[in-house]
Amino acid sequence: VVANHQKARETQWEGMNINTPIYEVVTDSSGAKYGHIWCKLSTKNRKTGKPVDVTVFGSYGFKNDKLSWEWLLYDTKKLE
């Protein structure tokens, strides 16, 4: 997950700002742990120079206290 984010920053985006994030970590009744973030992501497209502002929801799953998956929800049209 981290490697994918690093590659995107190096090839697609000129920096990224996570504005006014809201974080939560939850543990369900089976002991599974999840982390969530709601934020506004601001960046600039390297190819077009166009600024991008997009609202993002991210859900992260943990297994043995290590990040094991990521789900991101956002409007992809804003990234064009």
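Everything quoted here is computed from the prediction, not taken from an experiment.
Counting heavy atoms from C-beta on, the side chains of W69 and K63 never come closer than 4.5 Å. For the pair F62 and L67, the minimum side-chain heavy-atom distance is below 4.5 Å.
Listed here is the closest heavy atom pair of L72 and G58: CD2-CA, 3.6 Å. The minimum heavy-atom distance linking N45 with V52 is given by the pair N-CG2, 4.4 Å. Annotation for P21 and C39: closest pair CA-CB, 4.0 Å, computed over non-hydrogen atoms. Smallest separation of non-hydrogen atoms from V56 and Y74: CG2-CB, 4.1 Å. Across I18 and L41, no two heavy atoms sit closer than the pair CG1-CD1, 4.2 Å.
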Determine, stepwise, if the pair N17 / T43 fulfils side chain to side chain contact (heavy atoms under 4.5 Å, CB included).
CA-CA 6 Å; N17 294 313; T43 186; over 6 Å; no

Quick one: do I22 and F57 satisfy side chain to side chain contact (heavy atoms under 4.5 Å, CB included)? Show the steps, please.
CA-CA 10 Å; I22 300 169; F57 169 74; over 6 Å; no

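Linking ILVMFWY side-chain heavy atoms closer than 4.5 Å, directly or via other members, places W38 and Y60 in two distinct hydrophobic clusters.
N64 contributes no side-chain N or O that, together with a main-chain N or O of K66, makes up a donor-acceptor pair within less than 3.5 Å. Judged by distance alone, the side chain of S68 and the main-chain N or O of G61 form a donor-acceptor pair under 3.5 Å.
A 6.0 Å sphere centred on CG of N19 holds more than 12 heavy atoms belonging to other residues, nucleotides or ligands. Within a 6.0 Å sphere centred on CG of L73, other residues, nucleotides and ligands contribute more than 12 heavy atoms.
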